[in-house]
Amino acid sequence: MDNKINIEDIENIELSYLSLDDYQELKSAMIASYTTMPHSYWREHQIETLIKRFQEGQVVIKVNNQIAGCALSIIINYNDFDNQHTYQQITGDYTFNTHSSDGDILYGIDVFIKPEYRGMRLGRRLYDYRKDLCERLNLKGVAFGGRIPNYHKYMDTLTPKAYIEKVKSKEIHDPVLNFQISNDFHPTRILKHYLEGDAASNEYAVLLKWDNIYYEKVNKKPSTNKRVVRLGLIQWQMRPYKNLEDVLQQAEFFIDSVSSYRSDFALFPEFFNAPLMAEDNHLSEPEAIRNLALHTSTIVQKFSELAISYNINIITGSMPEVKDGKLYNVGYLCKRDGTKERYEKLHVTPDEERVWGMQGGNQLKTFDTDCGKIGILICYDSEFPELSRLLADEGMDILFVPFLTDTQNGYSRVRNCAQARAIENECYVAIAGSVGNLPKVHNMDIQYAQSMVFTPCDFAFPANGIKAEATPNTEMILIVDLDLDLLTELNQFGSVRNLKDRRKDIFDLRKLNP
């Protein structure tokens with residue numbers, strides 16, 4: 001007789017901890033669920049042990065106050081077991097003395113839904129609970145040995161490995177394994193003689209795992225790593241300055257402003273110090289910019305001091321620098337811990353090369369900060385997608401792009417490419433530029449900018465991929481909060497997964513000089 005419950009008859013669904021008072025109903029539910037495995041139900045003393053040792057791991061789902069399903073779990077130290085472990089070994093010969101509150105893996109002991117409640121996605125609720133519990137307890141992941149009850153139909157012609165591959169490619173339907181894979185559990189190996197008496201699976205099981213992407217290794221030292229990061233973008237006004245002291249005074253004003261909002265980063269534009277070239281306007285352009293380079297070391301030292309005193313990481317935009325007689329466009333990451341790191345513009349524009357004799361750099365790398373891994377690309381570099389992809393492969397969370405553009409079409413190239421970088425690399429991208437004009441500086445007359453922060457385009461982010469934007473061509477600061485955990489989740493569970501879904505079997509991207 002078909003006793004299947006209709007959805008319209010459901011008045012309430014409740015997920016609750018398993019109680020010993022539920023035992024008789026639980027026993028009946030197990031017997032009804034495991035009709036092909038007679039006497040496969042837990043004894044009352046075993047359920048009592050599980051509840052006493054780890055109550056959070058034992059849950060039931062009730063429909064109209066009746067048990068419809070159950071999930072039982074323990075925590076184990078996974079390294080204590082061989083990769084070819086059996087169910088009996090995992091459970092400590094069914095005593096559950098293998099449970100350890102200091103373990104690293106949530107191991108599924110049992111999960112079932114009564115036949116009349118199947119097809120209502122109640123099993124997904126139980127698996128989701130396990131995932132949430134794993135994250136809450138900061139465990140590495142969830143694991144269990146999954147039965148393959150349809151394997152007995154194919155065991156004469158297929159190995160377990162071949163069977164699993166055909167299930168994954170939808171050539172064979174296995175209701176249990178299909179369901180587990182659809183819930184983000186990935187097969188890792190075949191377990192032989194896993195569950196004694198499981199004839200339908202020929203005593204084979206598949207070790208299935210779900211990795212907790214939020215797991216953090218326990219650190220006994222104080223940690224200041226942040227997961228919600230605040231950016232302060234500085235849309236700098238190009239104006240005449242009397243001297244270097246005036247430029248640094250204006251820079252400190254902005255650093256003070258963004259740090260008063262407790263920003264973690266201050267981002268300056270490319271060549272923000274260009275007004276200082278006005279005093280050398282009587283010289284040729286190559287001579288004037290090499291004189292500007294004489295100020296770079298002083299500016300970097302001052303910015304480093306400001307980073308410490310204002311407790312903020314400063315990305316200095318870019319400045320000219322002469323090294324071994326060659327002129328480069330470089331910037332510095334001045335961290336609030338007092339350390340400094342250098343980055344270079346790799347692709348100089350035709351104008352930078354023709355007018356100033358500037359060289360492209362050779363160093364591409366990510367930078368570790370107390371707010372995750374970041375990358376920095378100067379202006380034109382953002383228009384070469386290979387660079388940011390290499391940085392993404394190194395774990396970049398935020399890409400900073402200081403830029404300088406004179407016309408709107410030049411700005412549009414930077415803006416549109418930067419937004420593409422955010423989508424294809426599943427990262428945040430912040431761009432900051434200068435506005436205004438410098439009539440007394442050759443090759444640096446007028447500027448166009450709108451500083452912005454871009455995000456990937458998925459449900460956890462703005463639909464248009466724009467987190468925040470400044471007013472065009474107006475001197476101002478832009479303060480923006482970014483949640484790095486959203487990137488981690490996107491990488492694993494996004495609607496599309498641009499990094500994971502790359503066809504590395506047909507193309508490869510690598511640095512020639514790592």
Side-chain angles (χ1 to χ4, degrees), residues 224-238 247-273 299-300 302-319 331-341 343 367 369-379 382 396-404 414-415 418 422 427-436 447 449-455 462 466-484 486-487:
T224 57
N225 287 345
K226 302 184 66 174
R227 300 304 294 168
V228 176
V229 180
R230 180 164 291 177
L231 309 187
L233 278 59
I234 296 159
Q235 191 155 282
W236 176 272
Q237 175 81 39
M238 290 292 199
V247 172
L248 292 176
Q249 185 179 43
Q250 183 68 19
E252 183 171 0
F253 164 77
F254 280 122
I255 292 168
D256 186 8
S257 298
V258 297
S259 69
S260 68
Y261 291 102
R262 300 184 66 185
S263 297
D264 298 294
F265 289 95
L267 173 63
F268 282 82
E270 180 183 25
F271 287 136
F272 74 95
N273 62 341
I299 294 173
V300 173
K302 180 62 175 178
F303 271 41
S304 183
E305 294 169 4
L306 294 174
I308 296 170
S309 60
Y310 286 98
N311 189 31
I312 190 169
N313 301 300
I314 301 174
I315 297 163
T316 67
S318 81
M319 295 164 276
Y332 285 81
L333 168 61
C334 298
K335 300 181 186 178
R336 50 185 159 200
D337 65 3
T339 59
K340 299 187 291 287
E341 298 200 65
Y343 52 90
F367 303 97
T369 74
D370 55 3
C371 300
K373 277 187 182 291
I374 69 166
I376 306 171
L377 296 177
I378 302 173
C379 197
S382 66
M396 173 183 65
D397 296 312
I398 308 172
L399 173 62
F400 292 94
V401 181
F403 71 91
L404 175 69
V414 173
R415 180 227 185 277
C427 67
Y428 297 110
V429 180
I431 67 173
S434 294
V435 301
Q447 286 76 44
Q450 183 182 18
S451 301
M452 306 181 80
V453 176
F454 302 107
T455 73
I466 300 174
K467 178 69 173 177
E469 54 189 335
T471 304
N473 291 335
T474 302
E475 184 174 48
M476 63 178 292
I477 60 173
L478 186 65
I479 307 296
V480 188
D481 281 348
L482 304 178
D483 187 341
L484 301 187
L486 293 180
L487 299 178

So, taking the atom named NZ in Lys340 and the one named OG1 in Thr316, what distance separates them when rounded to the nearest 0.5 Å?
11.0 Å
So, for Pro402 and Pro269, which heavy atoms are closest and what is the spacing to 0.1 Å?
CB-C, 3.8 Å
Whether Phe367 and Tyr343 hold their rings parallel, tilted or perpendicular, with breakpoints at 30° and 60°:
perpendicular
Please find the pair of heavy atoms, one from Ser257 and one from Ile477, that lie closest to each other, and give the distance.
CB-CD1, 4.1 Å
Name the one of Gln235, Glu469, Arg415 that satisfies side chain to side chain donor-acceptor pair (under 3.5 Å) with Ser451?
Gln235
Atom CD of residue position Gln249 - does it have more than 12 heavy atoms of other residues, nucleotides or ligands inside 6.0 Å?
no
Report the distance from atom CG of Asp397 to atom CD1 of Ile374, rounding to the nearest 0.5 Å.
10.0 Å
Write down the atom of Met396, the atom of Cys427, and the distance for their closest heavy-atom approach.
CE-SG, 3.9 Å
Less than 4.0 Å between a side-chain N and a carboxylate O, is that true for Arg336 and Asp264?
yes
Trace of the side-chain contact (heavy atoms from CB on, under 4.5 Å) decision for Phe271 with Ile378:
CA-CA 10 Å; Phe271 287 136; Ile378 302 173; over 6 Å; no
With side chains defined as the heavy atoms from C-beta onward, is the minimum distance between Phe303 and Tyr332 less than 4.5 Å?
no
As an exercise, state the distance from CD1 of Ile299 to CG of Asn273, rounded to the nearest 0.5 Å.
4.5 Å
Exactly one of Ile466, Ile398, Leu233 clears side-chain contact (heavy atoms from CB on, under 4.5 Å) with Val453, and that residue is Leu233
When you measure from the side chain of Arg230 to the backbone of Arg262, do you find a donor-acceptor pair of N or O atoms at a distance under 3.5 Å?
no
What one should report as the nearest heavy-atom pair of Gln237 and Gly436 is NE2-CA, 3.4 Å
Any idea how Trp236 and Phe254 line up, ring-wise: parallel (<30°), tilted (30 to 60°), or perpendicular (>60°)?
tilted
N/O donor-acceptor pair under 3.5 Å between Ser260 side chain and Val258 backbone:
no
Can you check whether Val480 reaches Phe265 side chain to side chain, under 4.5 Å on heavy atoms?
no
Give, for atom CG of Leu484 and atom CZ of Arg227, the distance between the pair rounded to the nearest 0.5 Å.
4.5 Å
Which distance, rounded to the nearest 0.5 Å, do you find between the CG of Leu306 and the CD1 of Ile314?
5.5 Å
Asn311 vs Ser259, test: side-chain contact (heavy atoms from CB on, under 4.5 Å). Steps then yes/no.
CA-CA 7 Å; Asn311 189 31; Ser259 69; over 6 Å; no
Does Thr369 reach the side chain of Leu333, with side-chain heavy atoms less than 4.5 Å apart?
yes
Identify the heavy atoms of Leu404 and Ser434 that sit nearest to each other, and give their distance.
CD1-CB, 4.1 Å
Shortest non-hydrogen contact between Lys467 and Asp481, atoms and distance:
CE-O, 3.1 Å
Within this structure, what is the CG-OG distance for the pair Leu231 and Ser263, rounded to the nearest 0.5 Å?
7.5 Å
Heavy-atom side-chain contact between Phe454 and Ile431 under 4.5 Å:
yes
Exam field: side chain Ser309 to backbone Glu305, donor-acceptor pair closer than 3.5 Å
yes
Any Leu399 side-chain heavy atom under 4.5 Å of Leu377 side chain
yes
